[in-house]
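First the structure, in the form of structure tokens, and then the observations on it.
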Amino acid sequence: MEQQGRPPHGPFTGRSVHRLAEELRSGRVSAVELARAAAGAASESGSALGAFTLVDRAGADAAARRADREIGHGVDRGPLHGIPVAVKDNIDVAGLLTEAGSAHLAGNRADRDAECVRRLRSAGAVVIGKTATHEFAYGPTGDRSVSGPVRNPHALDRMSGGSSGGSAAAVAAGIVPVALGTDTGGSVRIPAALCGVAGFKPAHGTVPVSGVIPLAESLEDVGVLAASAEDCRVAAGALAGASDVGGTGVRRRTRVLWLRGAPSVPIEPGVARTVRRALDPVDEVVEVDWPASAMLWDTFTAVQGAQAYDVHAERVARDPHLFDPEVLERLRSAARVPGWRYVRALRERERAREETAALLRGYDALALPTVPVTAPRIDQRRVSVGGTEARVGPMLLSLTSPWNVVGAPALSVPAGTVSGLPVGLQLVGAEGGEGLLFSLAEQVERGLA
């Protein structure tokens with residue numbers, strides 16, 4: 001495993017999905033070779049990184065052999081055919097454990113694939129193992145799990161972010177080119193930003209969540225992490241049941257709204273400057289204030305809290321000692337959301353959807369930092385941002401959770417580094433605007449290359 005301060009470099013570092021697909025079809029590499037490289041790197045990373053909860057060498061080998069046979073006979077399932085992928089451990093993979101980072105589910109073995117996994121397999125992807133999640137996906141730090149913390153490949157004393165921290169770390173370390181995650185308040189985009197990879201949350205309801213252990217169903221989406229927006233687009237297409245999530249294919253003038261921070265959302269000045277510079281390739285950037293930020297946070301916490309407690313109420317009553325203490329305290333706090341507040345939050349949500357749609361008219365996307373800070377240290381729970389003291393959890397969620405409230409598609413892409421640690425640019429689109437988001441993100445990535 002790479003030491004702290006050295007850039008991560010695994011077998012898939014710098015190898016895009018399209019490049020791997022070309023190598024597979026030309027015979028320069030086999031799916032079996034790719035699967036074994038990924039499985040070997042996953043096993044070797046071990047507890048030093050904490051990204052994987054299990055590696056399925058036998059299953060990956062069998063799937064890779066099947067992919068090689070199909071490719072050899074001219075069967076082409078698309079760009080993911082023969083590509084190794086990892087799956088977050090709150091998503092079912094037939095025959096493998098799904099423990100969601102919790103002692104409550106120790107030994108829980110899935111009897112069938114989640115629908116999102118089935119779609120990846122239909123596209124020819126090879127599942128090599130399961131990645132660690134914050135317990136029950138209920139936390140943005142990625143360091144509260146029965147399997148231990150997930151470490152940031154760029155600095156092993158730093159958190160990966162969560163809850164899809166294992167998937168982000170696995171991609172950032174070059175162990176796999178693509179990984180699945182889930183996103184209820186930023187759980188794909190937060191670790192993507194902190195680990196320096198791309199992370200995509202589709203519009204709510206685009207990808208079925210059957211076979212996913214729920215947290216807050218009306219906010220939750222299956223997303224994807226990869227090294228670039230281009231690779232995310234390929235995987236997102238497979239998840240949506242399409243060959244790709246394409247753009248217009250024509251160079252057009254791009255227009256973006258930059259959302260300035262509000263007093264309730266302090267942003268580290270270095271992060272804001274670095275992320276804003278990443279938009280330089282965009283043709284027109286209009287800066288606007290974001291007065292709804294505080295309201296959206298209150299709406300998010302009410303909806304997520306009430307729905308999360310509904311999922312776990314019996315576990316809290318029966319076996320509270322099996323929870324991580326921090327996750328248990330979050331659930332007990334969620335239990336105190338009054339019924340009237342939850343009902344009001346649902347009304348606020350509809351208003352927020354309408355206001356966001358109106359704000360986006362005439363623009364390709366809203367843009368803002370994905371996370372206001374660089375990766376905090378593992379177990380760190382308070383941070384100073386521009387002289388303001390803040391709790392780490394709400395800080396990490398502050399800029400991502402609003403888009404779960406409104407159900408919009410959102411994409412985080414690497415935007416550079418601050419003090420040697422990655423930061424992310426978040427692009428938020430209108431429903432049905434995924435193609436525009438990816439085209440815009442790829443324009444940004446070319447400008448940073």
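Annotation: the span from S147 atom OG to E135 atom CD amounts to 10.0 Å, rounded to 0.5 Å. Taken from CG in L411 to CZ in R233, the straight-line distance is 10.5 Å, to the nearest 0.5 Å. Atom CG of N152 sits about 6.5 Å away from atom CG of L194, to the nearest 0.5 Å. For the atom pair OG of S333 and OH of Y309, the computed distance is 11.5 Å after rounding to the nearest 0.5 Å. The distance from atom CG of L219 to atom CD of Q307, rounded to the nearest 0.5 Å, is 5.5 Å. Residue N404 holds its CG atom at 12.5 Å from OG1 of T299, rounded to the nearest 0.5 Å.
Across all non-hydrogen atoms, the minimal contact from S102 to V146 is N-CG1, 3.8 Å. Shown here for T131 and A86, the closest heavy-atom pair between the two residues is CG2-CB, 3.6 Å. Across all their heavy atoms, T13 and A173 have their closest contact at OG1-O, 4.0 Å. Here the shortest heavy-atom pairing between E99 and G107 reads OE2-N, 2.7 Å. The two residues A375 and M159 make their nearest non-hydrogen contact at CB-O, 3.5 Å. Across all non-hydrogen atoms, the minimal contact from F12 to L20 is CD2-CD1, 3.8 Å.
The pair R66-E70 fails the salt-bridge criterion, with no side-chain N (NZ, NE, NH1 or NH2) lying under 4.0 Å from an Asp/Glu carboxylate O. Salt-bridge annotation for R144 and E326: present, with a side-chain N of the basic residue lying under 4.0 Å from a carboxylate O of the acidic one. We find that D157 and R151 are not joined by a salt bridge, their nearest charged nitrogen and carboxylate oxygen being 4.0 Å or further apart. Salt-bridge formation is detected for the pair K130/D89: a Lys NZ or Arg NE/NH1/NH2 atom is positioned less than 4.0 Å from an Asp or Glu carboxylate oxygen. With respect to R15 and D231, no salt bridge is recorded, no charged nitrogen being found less than 4.0 Å from a carboxylate O. Comment: D61 engages R65 in a salt bridge, judged by a side-chain N to carboxylate O separation of less than 4.0 angstrom. Between R119 and E115, at least one side-chain nitrogen of the basic residue sits less than 4.0 Å from a carboxylate oxygen of the acidic one, meeting the salt-bridge criterion. Taking the charged nitrogens against the carboxylate oxygens, E350 and R353 do have a contact shorter than 4.0 Å, which makes a salt bridge. The pair D113-R121 meets the salt-bridge criterion, with a side-chain N (NZ, NE, NH1 or NH2) lying under 4.0 Å from an Asp/Glu carboxylate O.
Judged purely by distance below 3.5 Å, without hydrogens or angles, the side chains of S164 and S187 never pair a donor atom with an acceptor atom.
Taking the side chain as every heavy atom from C-beta outward, V385 and M395 approach each other to under 4.5 Å. Contact annotation: the side chain of D221 never approaches that of V209 to less than 4.5 Å [non-hydrogen atoms, C-beta and beyond]. Side-chain contact between V188 and T400: absent, with no pair of heavy atoms (C-beta onward) separated by less than 4.5 Å. Two residues are said to be in side-chain contact when any heavy atoms from C-beta on lie closer than 4.5 Å; L397 and W297 meet this criterion. A heavy-atom distance below 4.5 Å is found between the side chains of R381 and T141. No side-chain heavy atom of V176 sits under 4.5 Å from any side-chain heavy atom of V85. Y138 places none of its side-chain heavy atoms less than 4.5 Å from the side chain of T184. Here the side chains of P372 and S398 are in contact, with some heavy-atom distance below 4.5 Å.
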(request) Begin from the C-alpha positions of T374 and R158 and carry the test side chain to side chain donor-acceptor pair (under 3.5 Å) through to its verdict. (result) CA-CA 9 Å; T374 55; R158 302 278 176 160; 4.9 Å; no

(message) Checking S412 against L425 for the side-chain contact (heavy atoms from CB on, under 4.5 Å) test, could you report, in this order, the C-alpha distance in whole Å, the side-chain angles of both residues, the deciding distance, and whether it holds?
(response) CA-CA 5 Å; S412 178; L425 164 67; over 6 Å; no

(request) Begin with the C-alpha distance, continue with both residues' side-chain angles, and end with the deciding distance and a verdict on salt bridge (charged side-chain N to carboxylate O under 4.0 Å, His left out) for R112 and D92. (result) CA-CA 7 Å; R112 67 183 66 185; D92 283 344; over 6 Å; no

(request) Carefully, step by step, assess Q426 and T370 under the rule side chain to side chain donor-acceptor pair (under 3.5 Å). (result) CA-CA 5 Å; Q426 184 176 200; T370 309; 4.9 Å; no

(request) List the steps and the verdict of salt bridge (charged side-chain N to carboxylate O under 4.0 Å, His left out) for R341 and E348. (result) CA-CA 10 Å; R341 184 67 192 92; E348 292 168 348; 3.3 Å; yes

(request) Take I91 and C116 through the test side-chain contact (heavy atoms from CB on, under 4.5 Å) and record every step on the way to the result. (result) CA-CA 9 Å; I91 301 173; C116 56; 3.7 Å; yes

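Between the side chain of D143 and the main chain of V150, no donor-acceptor pair closer than 3.5 Å is present. Between the side chain of E431 and the backbone N or O of P409 there is no donor-acceptor pair closer than 3.5 Å. No donor-acceptor distance shorter than 3.5 angstrom exists from the side chain of E230 to the backbone of C232, with no hydrogens or angles considered. The backbone N or O of R19 lies less than 3.5 Å from a partner atom in the side chain of S16, making a donor-acceptor pair. Side chain of H134 to main chain of S163: no donor-acceptor pair is present (N/O by atom type, distance under 3.5 Å, no hydrogens or angles). At least one donor-acceptor pair under 3.5 Å links the side chain of N108 to the backbone N or O of T98. Side-chain atoms of T274 never come within 3.5 Å of backbone atoms of V271 as a donor-acceptor pair (strictly under, hydrogens ignored). Judged by distance alone, the side chain of D76 and the main-chain N or O of G78 form a donor-acceptor pair under 3.5 Å. Checked by atom type and distance alone, the side chain of S439 pairs as donor or acceptor with a backbone atom of G435 at under 3.5 Å. A donor-acceptor pair under 3.5 Å is absent between the side-chain atoms of S160 and the main chain of A169, judged by distance alone.
Between F200 and F438, the ring-plane angle classifies as tilted under the 30° and 60° cut-offs.
More than 12 heavy atoms of other residues, nucleotides or ligands shown are found within 6.0 angstrom of CZ on R382. E217 CD: 12 or fewer foreign heavy atoms inside a 6.0 Å radius.
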